[in-house]
Amino acid sequence: MTIPPACTSTFLTQYRGRLARSARSRVFVRVHRVALEQAADDPRLQECVPWLLRVALVEMTERPAPFRLAEWCAHAVAGRWRPFTCGPMQMRSAKFKLSEQVGTALLALSQVPGEDRTTAGVATHWHGAAVRQPGAAFSYPQALDAAGEILTLTAVGSDATESASRG
């Protein structure tokens, strides 16, 4: 099934609205604060924070809180036998503690070489593909770009940025 470009534009516009709502959530603001705190003393990790926020925003928008709650319940029961993705960043066998998830995600993104820290490079490293999947309205890189636009337009987490710079 091929989705016409005009429809892709409409879907992306609607998706930006969903991203904006997710960016205002308490969990996302907490992810932002924890990422800034963990990267405060390491310039290599500081470079990864904007990418982590894009990934977290996309993943949290795709899996709202009720879905993530169900994943954690399933993870508690079946996770010992079969690892699967869960948590705000949808990482395989993620730890329950948010600070550990954020730390693991920052370390994973820091493994992406500097010249590959582009939308396509991060999408390939994190999602496995930088192309639109069959049946999808848009690609993962397009979702990351939309998340970047929302983060820039809304200046989400400015309170967390200020407290991290003071602390």
Side-chain angles (χ1 to χ4, degrees), residues 3-65 67-68 85 87-91 94 98-133 136-167:
I3 298 176
C7 290
T8 298
S9 175
T10 302
F11 289 138
L12 275 171
T13 300
Q14 293 172 351
Y15 189 65
R16 284 183 187 95
R18 290 177 50 211
L19 288 168
R21 285 188 293 281
S22 294
R24 291 187 298 270
S25 73
R26 286 182 295 172
V27 175
F28 181 77
V29 171
R30 196 166 147 229
V31 166
H32 189 186
R33 181 182 46 78
V34 170
L36 290 172
E37 290 169 358
Q38 290 193 5
D41 298 328
D42 188 342
R44 184 176 54 98
L45 294 180
Q46 289 172 3
E47 294 174 7
C48 298
V49 169
W51 292 108
L52 172 93
L53 295 177
R54 287 180 181 202
V55 167
L57 189 55
V58 167
E59 296 297 347
M60 289 175 65
T61 300
E62 290 302 312
R63 295 255 192 355
F67 287 97
R68 290 196 314 272
T85 61
M89 271 78 65
Q90 289 299 303
M91 297 184 312
L98 182 67
S99 61
E100 291 179 20
Q101 292 177 28
V102 170
T104 301
L106 280 171
L107 288 174
L109 289 170
S110 72
Q111 301 303 312
V112 178
E115 65 273 4
D116 288 341
R117 273 197 213 124
T118 62
T119 303
V122 170
T124 300
H125 182 78
W126 194 267
H127 188 63
V131 296
R132 184 166 46 140
Q133 300 296 315
F138 45 87
S139 67
Y140 200 77
Q142 287 174 307
L144 289 177
D145 283 339
E149 291 171 22
I150 294 301
L151 292 171
T152 300
L153 291 174
T154 60
V156 170
S158 59
D159 293 338
T161 306
E162 291 169 13
S163 65
S165 63
R166 279 188 251 133

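In what follows, every heavy atom counts, from backbone to side chain, and hydrogens, waters and symmetry copies are set aside. What you see is a predicted model; the values in this text were computed from it and never measured. Counting begins at 1 with the first residue of the sequence.
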key: Closest non-hydrogen atom pair, Ala23 against Val29   = O-CG2, 4.0 Å
message = On a heavy-atom basis, which atom in Phe28 and which in Leu53 lie closest, and how many Å separate them?
response = CE1-O, 3.5 Å
query = Where do Val31 and Ala56 come nearest, in terms of heavy atoms and distance?
reply = CG1-CB, 4.1 Å
remark   = Taking every heavy atom of Leu106 against every heavy atom of Ala35, the minimum-distance pair comes out as CD1-O, 4.0 Å
remark   = Those residues at least two apart in sequence (or on a different chain) that pass side-chain contact (heavy atoms from CB on, under 4.5 Å) with Thr118 are Ala120
task = Please identify each residue that fulfils side-chain contact (heavy atoms from CB on, under 4.5 Å) with Ala143, with sequence neighbours left out.
result = Tyr15, Val58, Phe138
Spacing of CD1 belonging to Ile150 relative to CG belonging to Asp145, to within rounding of 0.5 Å = 12.0 Å
query = Tell me, do Arg54 and Leu57 make a side-chain contact under 4.5 Å, heavy atoms counted?
reply = no
key: Step-by-step side-chain contact (heavy atoms from CB on, under 4.5 Å) determination, Tyr140 to Val55   = CA-CA 9 Å; Tyr140 200 77; Val55 167; 3.9 Å; yes
message = With a 3.5 Å distance limit and no angle check, can you tell me whether Thr124 reaches the backbone of Gly121 through a side-chain donor-acceptor pair?
response = no
inquiry  = With a 4.5 Å cut-off on side-chain heavy atoms, are Thr119 and Gln142 touching?
reply    = no
Backbone N/O of Gln111 and side chain of His125: donor-acceptor pair under 3.5 Å = no
ask   = So, for Ser99 and Val34, which heavy atoms are closest and what is the spacing to 0.1 Å?
value = CA-CG1, 3.8 Å
Enumerate, atom names and distances included, each donor-acceptor pair closer than 3.5 Å involving a side-chain atom of residues 39-47, sequence neighbours excluded.
| residue | atom | partner | partner atom | Å |
| --- | --- | --- | --- | --- |
| Asp42 | OD1 | Arg44 | N | 3.0 |
| Arg44 | NH1 | Ser110 | OG | 2.9 |
| Gln46 | NE2 | Ala39 | O | 3.1 |
| Gln46 | NE2 | Ala40 | O | 2.7 |
| Glu47 | OE1 | Arg117 | NH1 | 2.9 |

